[in-house]
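The block underneath contains the structure these notes are about, expressed in structure tokens.
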Protein chains: 2
Amino acid sequence: MNYRGAVTPSTKAPASSPIVERSTIEQVATAAGVSVATVSRALRGLPNVAASTRTKVERVARELNYRANPAAARLATGRSHTIAIVVPLINSWYFSNVVAGAEAVCTEEGYDLLVLTAPNAELRHEVVATAAELERHTDGMIFVEVALPPHELEQLGRRRLAVATIGQQTDTFPSVHVDNVRVGSLAAQHLLDLGHRRIGVIGAQAEEPSFFDVPGQRIAGAGLALGRIGGDLEPALVVDGQFTIEGGYDAASRLLSGENPPSAIFALSDEMAFGALAAARDMGLDVPGDVSVVGVDDHELSSVVGLTTVRQHVAEHGAVAARALVRRLRGQRTAPGHHVSTAELVVRSTTGPPML
Amino acid sequence: MNYRGAVTPSTKAPASSPIVERSTIEQVATAAGVSVATVSRALRGLPNVAASTRTKVERVARELNYRANPAAARLATGRSHTIAIVVPLINSWYFSNVVAGAEAVCTEEGYDLLVLTAPNAELRHEVVATAAELERHTDGMIFVEVALPPHELEQLGRRRLAVATIGQQTDTFPSVHVDNVRVGSLAAQHLLDLGHRRIGVIGAQAEEPSFFDVPGQRIAGAGLALGRIGGDLEPALVVDGQFTIEGGYDAASRLLSGENPPSAIFALSDEMAFGALAAARDMGLDVPGDVSVVGVDDHELSSVVGLTTVRQHVAEHGAVAARALVRRLRGQRTAPGHHVSTAELVVRSTTGPPML
DNA sequence: CTGAAAGCGCTAACAG
DNA sequence: CTGTTAGCGCTTTCAG
């Protein structure tokens, strides 16, 4: 493996090559024969700079490979050009895709993206509580599926800090979310249309379902669809899958080995659906012959295994939130909009009519 | 657990939300009746501060909710307490887990983690080229599976910037990697032990195969194992799977529909293996009856679908690299060690003896 | 349109 | 052990 190629980079090679030293604004100023103030103005594209002066300054700056020291700029202006994204965890399909979307926008817009994880309420609280500290670090924060209680929202609102939320919808900050009731409805309706009546649900219990409960809303949506045909969701058929593959496996195993198993399963995420698919297979059940499965997300694997699902545009969530933040930071005062990201049913081969 | 690990609020709201104004070191100094220098020293745990003074300063600082303005500290010291992690992409199983590992360590050690993506050589070059700019932003950089050519390594080496690499091994910077030849060997040997002789490989073309070629090494390892029994890897049976699920599907389809298909497939990543599994199923092939499949990684889904694989400890890669960087930044001059992360075969149910 | 000068808040000599 | 005093490099009034 070792690269023992021709040119071995010598560690302590004296700078003989044109390694450009960092230059300061003052050096540029002297070299250009103007004041530092002018350099600052010229380089930042401010008005009130003669075109000729600007050209000259720009040239000199390029020659000297000058770039403003962000720490100094930050100290002087109080703006850091950095956005923090707060996620419960980063190594899951959903969150890593949200971060990817945000990262793309941030890079494009010249902002740095800091990743903060807040796996539990305690740490989340700490993140919010030290927002004062962060405020000097970051210009804005994106909270992803991190339920902020009223008093923390208020704390955040008091700070000079742009905030956006993904998932939660508040009346103080811009947000992006999907209509989860609709998501649930879409999935259940599809199953109903196929003729299913006994529908199992693999979801999760929200710890504090009061004001921000994604699984609850998806389940409610499914209930709504069933209600429209006079049916109902059977409580015994709603089990916890913890939003993990394994959890989905276990949940489906329980569901399918019960007395009167459902003819279809609605998993609240594709990963849980994968687990369910594996469980069905291990039980010798045919999908969709013996049991239909529908998920939510449209994970990369879904198209490959033919999973019917309700597609979400996850990276878009991150991108929209980041864009809202950047806009606000640029001073473009825009209404604190609540972007509703679309979701659509993608029918593939894990769903079909129930056996008679 | 709850929705995707979503963080829910604790019901108990703090009695009041005392919104504390940010205070400066000077305010603390006057309040404590000492000089700013003493405050700085006391709060940073420097020696040469009377215990009583320190206690008093700490108390006042707490009362005033003082926290050093990082921008100011950064400007004064030149250190930012920020580490950047450069990944080709962030929304893949491997990279998001590496980032997670690094993030955990950074948080623990009081460093901020900046995520930079460099999906191609051009952007990677840009990242390196602007390291000067970054230098003022970050104290260190972790390059994850980002092949740095000699001249870029040299550029980086010249800067006052701690660097660590994951995957690539250089003689200038600390690194962490797995012995990919051994990984390939482990997988192939397992297949050989089962009696397979015609082994297909799903891999990828390295962007710059010259000096840093993970797929090449894994393939070489497999070739080595085959060589030990006088066999060889058949070039026609080595196909590109692009390290994606879909790529794996396509590659396996091609492999298995050929004239004389292999009795076993070694996929260089679990995700490609998942694709291969799906392809086999779609072709009506039994696994492992008709074809065995072994992957690399030990993805969460692997245990659920019973995929035999070579397990890597991915989050550990990120953690070790981050820790090396932090150590260096703390001045603990330690040899630029090359950490070799372990990998081990995990036999499950997708591999078995070939049909006769 | 441009320059001088006063900070931004903190750290780091250097005295004492 | 503690205070004084320069800066760190940039932005931003305020004059001119």
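Atoms considered below: every heavy atom in the structure, side chains included; atoms not considered: hydrogens, waters and symmetry mates. Chain letters run A, B, ... following the sequence lines, proteins first and then strands; every chain starts at 1.
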Select base, sugar-phosphate, or nothing to describe what [X] touches, counting heavy atoms under 4.0 Å on all strands.
X	result
A:Ala37	base
B:Asn69	sugar-phosphate
B:Ala50	sugar-phosphate

Legend entry - Stepwise salt bridge (Lys or Arg N to Asp or Glu O under 4.0 Å) test for A:Glu109 and A:Arg323: CA-CA 9 Å; A:Glu109 302 285 357; A:Arg323 206 164 281 128; 5.1 Å; no
Under-4.0 Å side-chain N/O to phosphate OP1/OP2 contact, [X] with [N]:
X	N	result
B:Thr38	D:dG3	yes
B:Ser35	D:dG3	yes
A:Arg74	D:dG9	no
A:Ser40	D:dT11	yes
B:Thr53	D:dT2	yes

Legend entry - A:His81 and A:Tyr111 aromatic ring geometry - parallel, tilted or perpendicular at 30°/60° bounds: parallel
Rounded distance in Å - [atom1] ([X]) to [atom2] ([N]):
X	N	atom1	atom2	result
B:Leu75	C:dG9	CG	P	12 Å
A:Arg79	C:dC8	CZ	C1'	15 Å
B:Arg44	C:dG9	CZ	C1'	13 Å
A:Gln27	D:dC8	CD	P	11 Å
A:Arg160	C:dC8	CZ	C1'	12 Å
A:Glu26	D:dG7	CD	P	12 Å
B:Asn48	D:dG3	CG	C1'	14 Å
B:Leu46	C:dC10	CG	P	15 Å

Inset, instruction - Report yes or no: do A:His137 and B:Asp112 form a side-chain donor-acceptor pair below 3.5 Å? - result: yes
Legend entry - Polar side-chain atom of A:Asn97 near backbone of B:Asn91 as donor-acceptor pair, under 3.5 Å: no
Legend entry - From D:dC10, D:dG3, C:dA12, nucleotide with atom closest to A:Ile25 side chain: D:dC10
Legend entry - Minimum-distance nucleotide (side-chain atoms of B:Ala76 versus D:dG9, D:dG7, C:dA12): D:dG7
Inset, instruction - May I ask you to verify whether the side chain of B:Arg41 and the base of D:dG3 hold a donor-acceptor pair under 3.5 Å? - result: yes
Legend entry - Qualifying residue, where the test is salt bridge (Lys or Arg N to Asp or Glu O under 4.0 Å) with A:Asp139 and the options are A:Arg79, A:Arg74, A:Arg159: A:Arg79
